[in-house]
There are 2 protein chains.
Amino acid sequence: MKNGRTYAEIIDRLRQAGLRPTRQRIALAGLMYSGGDRHLSAEILHGEALRARVPVSLATVYNSLHQFTARGLLREIVIDGGRSYFDTNVSDHHHFYFENEGRLEDIPAEDVVVAALPKAPGRTRISRVDVIVRVRED
Amino acid sequence: MKNGRTYAEIIDRLRQAGLRPTRQRIALAGLMYSGGDRHLSAEILHGEALRARVPVSLATVYNSLHQFTARGLLREIVIDGGRSYFDTNVSDHHHFYFENEGRLEDIPAEDVVVAALPKAPGRTRISRVDVIVRVRED
DNA sequence: AAATTACATTAGAAGCTTTCTAAATTATTG
DNA sequence: CAATAATTTAGAAAGCTTCTAATGTAATTT
């Protein structure tokens, strides 16, 4: 039984994030948090919602994904053109990118050691360091 | 006087890459290699070509960018949605991404030390490790 | 150097993901 | 329960990229 999976927990999460727990957001969050860490595109999540008989519009899926991201419930990842993916794992970690399949997979933070980094230029500060390990099969 | 800047050198490079040195490709490569390492979008390069009185179509710019990338003359980078960038620096290095401006800047390979990496899963092998240091100003 | 052949370029249409718009609906507050 | 503010929605629009098929150009052959 993982965190945030029951109906009441999901509603709590949404409220804590400052989002009204609407039917659509509850359903989308429920799907997102079903089955471990996931990398979702808007289209995939929309499809799952429809299949689960939750008639939600694609616009709402996009709205929700962005709101969830802004509130720290998701993390957006863009690797290859076109499509954005949203990672339900928002803790510190990195990614494998399977070039053949166009698929992402998490790498636990402790499996990657970045021993040296340049300092942030000008008056900027580092907000995150992404490591993408690109792998291929051929 | 940097590498690959004269007309003859550009033609050589194209030929070595197995690409016919057409008027358009020569002009685009010339622009790409003018002024150090660059991060170019199709639209920017197209604009520069037109301003330089080289009437090239946007489709050709896209074709050329992809051919150059496939032949190792460019490296494609996708950080944020929508647009692709092409890096004229194809040697081993990493990137700062300025979240406020949506701009990329090279980090020399030696300024980043990745001391530990997971092994490639299944029968894959690592084709590249990208490190993106996201910085912001606020 | 002309003819042939293979490759490249092009304008415009089409495709795909994402965002916008303005109207209708729903959650929350008083 | 009424009033208010936020949310959802369908469809249009936008933005970048790719496709199509007709035309042009470079390379090769004669």
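Chain identifiers are assigned alphabetically (A, B, ...) following the order of the sequence lines, protein sequences preceding nucleic acid strands; residue numbering begins at 1 within each chain.
- When the side-chain nitrogen and oxygen atoms of T22(A) are compared with OP1 and OP2 of dT8(D), one or more of them lie within a distance under 4.0 Å.
- Separating the CZ atom of R25(B) from the C1' atom of dT10(C) is a distance of 14 Å, rounded to the nearest angstrom.
- Whole-Å rounding puts the H46(B) NE2 to dT18(D) P distance at 15 Å.
- Applying the side chain to side chain contact (heavy atoms under 4.5 Å, CB included) test between H95(A) and each of D130(A), V112(A), L104(A) identifies L104(A) as the sole match.
- Counting any heavy atom pair closer than 4.0 Å across all strands shown, H66(A) reaches sugar-phosphate atoms only and no base atom.
- Side chains of L74(A) and T88(A) form a contact here, defined as non-hydrogen atoms less than 4.5 Å apart.
- In the helix from dA1(C)-dT30(D) to dG30(C)-dC1(D), the end axes, each obtained as the rotation axis mapping the C1' atoms of four pairs onto the next four within a five-pair block, lie 30° apart to the nearest 10 degrees.
- Distances shown here put a side-chain N or O of Y62(A) below 4.0 Å from the OP1 or OP2 atom of dT18(C).
- In this structure the side chain of L14(A) never reaches within 4.5 angstrom of the side chain of R20(A), judged on heavy atoms.
- Residue-level contact check: S84(B) touches the backbone only, with heavy atoms under 4.0 Å from sugar-phosphate atoms and none from bases.
- Under the 4.5 Å side-chain heavy-atom criterion for ILVMFWY residues, no single connected hydrophobic cluster contains both I26(A) and V54(A).
- Using a 4.5 Å cut-off on side-chain heavy atoms (C-beta onward), Y33(A) and L73(A) make contact.
- Considering only heavy atoms from C-beta on, I132(A) comes within 4.5 Å of I79(A) through its side chain.
- Atom CD in Q67(A) sits about 16 Å away from atom P in dT18(C), given to the nearest Å.
- Taking the six-membered ring for Trp and thresholds of 30 and 60 degrees, H66(B) and Y62(B) have ring planes inclined between 30 and 60 degrees apart.
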Close N/O contacts between protein and nucleotides 27-30 of chain D (under 3.5 Å):
residue : atom : partner : partner atom : Å
dA27(D) : OP1  : R15(B)  : NH1          : 3.0

field: Candidate pair F68(A) and M32(A), rule side-chain contact (heavy atoms from CB on, under 4.5 Å), full reasoning
entry: CA-CA 11 Å; F68(A) 292 176; M32(A) 275 164 37; 3.5 Å; yes
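- When the nearest nucleotides of DNA chain D are assigned to F86(B) and L19(A) by heavy-atom distance, the more 5′-ward of the two goes with L19(A).
- Taking atom CG on L14(A) and atom P on dT8(D), their separation rounds to 10 Å, with Å as the unit.
- The shortest side-chain heavy-atom distance between E99(A) and T124(B) does not fall under the 4.5 Å cut-off.
- The interatomic distance linking E43(A) (CD) with dG15(C) (P) rounds to 15 Å, in whole Å.
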task: Please lay out, stage by stage, how D87(A) and H93(A) fare under the test side-chain hydrogen bond (donor to acceptor under 3.5 Å, both in side chains).
output: CA-CA 11 Å; D87(A) 193 341; H93(A) 70 287; 2.8 Å; yes
Detail all sub-3.5 Å separations between protein N/O atoms and N/O atoms belonging to nucleotides 9-15 of chain D.
residue : atom : partner : partner atom : Å
dT9(D)  : OP1  : Q24(A)  : NE2          : 3.2
dT9(D)  : OP1  : P55(A)  : O            : 3.1
dT9(D)  : OP2  : S57(A)  : N            : 3.0
dT9(D)  : OP2  : S57(A)  : OG           : 3.3
dT9(D)  : OP2  : T60(A)  : OG1          : 2.7

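- As a whole-Å value, the separation of D80(A) CG from dC16(C) P is 17 Å.
- What separates CD of E76(A) from P of dT17(C) is a distance of 15 Å, to the nearest Å.
- Counting only N and O atoms by type, the side chains of S64(A) and Q24(A) include no donor and acceptor under 3.5 Å apart.
- Using a 4.5 Å cut-off on side-chain heavy atoms (C-beta onward), V133(A) and H94(A) make no contact.
- Distance I26(B) CD1 to dT9(C) C1': 14 Å, rounded to the nearest Å.
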